[in-house]
Amino acid sequence: MRVEVYPDHEDFAVRTLGMPGLGALGVTFTSATYGSSSPWTSPSGRPPGSFHWASTLWHEMTMCSL
């Protein structure tokens, strides 16, 4: 799995949806051809205390393994 961490939340939103304004913190894409990719917003990309890094990691890794 490739993890991509974006320091700016809007860069993350454009990477995942093609437009700014996405409310998610992480997304997991899976493909039989290209493998798995998981772009995330870095902790510095959101206001302090707005999300829990370990919870985001657990959720995205769980979604990838299903």
Side-chain angles (χ1 to χ4, degrees):
M1 168 182 258
R2 183 179 69 215
V3 175
E4 303 168 5
V5 180
Y6 292 87
D8 181 14
H9 184 73
E10 295 306 315
D11 290 342
F12 159 77
V14 170
R15 162 64 176 92
T16 55
L17 285 181
M19 66 178 107
L22 177 66
L25 301 171
V27 177
T28 300
F29 301 111
T30 57
S31 166
T33 306
Y34 300 109
S36 298
S37 173
S38 188
W40 299 11
T41 297
S42 80
S44 65
R46 303 289 286 184
S50 66
F51 78 98
H52 190 264
W53 183 257
S55 295
T56 303
L57 172 65
W58 180 86
H59 173 78
E60 295 305 326
M61 294 299 122
T62 301
M63 292 297 105
C64 181
S65 67
L66 291 178

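Please read all numbers here as calculations on a predicted model, not as lab measurements. These values consider heavy atoms only, across backbone and side chains, with no hydrogens, waters or symmetry-generated copies.
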Sorted by chain and residue number, the side chain to side chain contact (heavy atoms under 4.5 Å, CB included) partners of Ser42 (sequence neighbours excluded) come out as Val5, Pro7, Ser44

What one should report as the nearest heavy-atom pair of Thr16 and Pro39 is CG2-CG, 3.6 Å

Side chain to side chain donor-acceptor pair (under 3.5 Å) filter on Glu4, not counting sequence neighbours, yields Arg2, Tyr6, Arg15, Ser37

